[in-house]
Amino acid sequence: MERTFIAIKPDGVQRGLAGEIISRFENKGFTLVGLKLMQVSKELAETHYAVHKERPFFAGLVEFITSGPVVAMVLEGDGVIAAARKLIGATNPLTAEPGTIRGDFGANIGRNIIHGSDAPETAQQEIALWFTEAELASWTPTL
Ligand code: CMP
């Protein structure tokens, strides 16, 4: 079954949006298999965003993601990677469609509320980076 990595960034947590955001994924029918609130280290932030390390916004991005608690989660379901990206919306909240998480709650690209893996390889890498095997629950909803 496909899995994806999602992080509610410090702006989403500080604005009290964690519950609403988790509900959107649950309501859609995806299964939570990992969930934790954590303070992100500089090392974890730099590794997670390594692909952007030459970009001018990299230092600010690392500073922001380490500035307060993040809610990290792993969701499971058929097609969850692409479907979660749809629920999240475009990277820039100013162009994200209303009804998406960023479209409804975000105000600028540097404060875009949430991160979601963009492809199967990155999902696998990000899940392994943020979670240990022991932190993930393998379960199938039966109700
Ligand atoms: P995310 O989906 O976490 O992946 C990379 C992040 O870099 C992105 O969301 C934005 O938060 C951030 N980002 C991308 N472009 C810019 C930009 N031009 N200025 C500031 N931050 C950016």
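Heavy-atom basis, side chains included; hydrogens, waters and symmetry copies ignored. Order of appearance sets the numbers: ligands from 1, and atoms from 1 within every ligand.
With a 4.0 Å cut-off on non-hydrogen atoms, Asn112 touches ligand 1 through its side chain and not its backbone. Residue-level proximity to ligand 1 for Arg85 is absent, since no heavy atom of it falls below 4.0 angstrom. Residue contacts with ligand 1 for His52 involve side-chain atoms from C-beta outward but no N, CA, C or O (heavy atoms, distance under 4.0 Å).
The heavy atom nearest to atom 18 (N) of ligand 1, out of those in Phe64, Phe58, Phe57, is found in Phe57. When the options Lys9, Arg102, His115 are ranked by their closest heavy atom to atom 11 (O) of ligand 1, first place goes to Lys9.
Ring geometry for His52 against Phe57 counts as tilted: the plane angle lies between 30° and 60°, on a 0 to 90° scale. Below 30°, between 30° and 60°, or above 60°: for Trp130 and His48 the angle between ring planes is above 60°, a perpendicular geometry.
Ranking protein heavy atoms by distance to atom 10 (C) of ligand 1, first place goes to Ile109 O, 3.4 Å. Protein heavy atom nearest atom 4 (O) of ligand 1, with residue, atom name and distance: Tyr49 CE2, 3.6 Å.
Here the CG atom belonging to Asp118 is positioned 7.0 Å from the CD atom belonging to Glu126, to the nearest 0.5 angstrom.
In this structure, Lys36 satisfies the cation-pi test against Phe131, with its NZ or CZ atom closer than 6.0 Å to the six-membered ring centre and inside 45 degrees of the ring normal.
Residue Leu37 comes nearest to Val71 through the heavy atom pair CD1-CG2, 3.6 Å, listed as atom of the first residue, atom of the second, then distance.
Within 6.0 Å of atom CG in Asn108, more than 12 heavy atoms from other residues, nucleotides or ligands are found, so the atom counts as buried in its surroundings.
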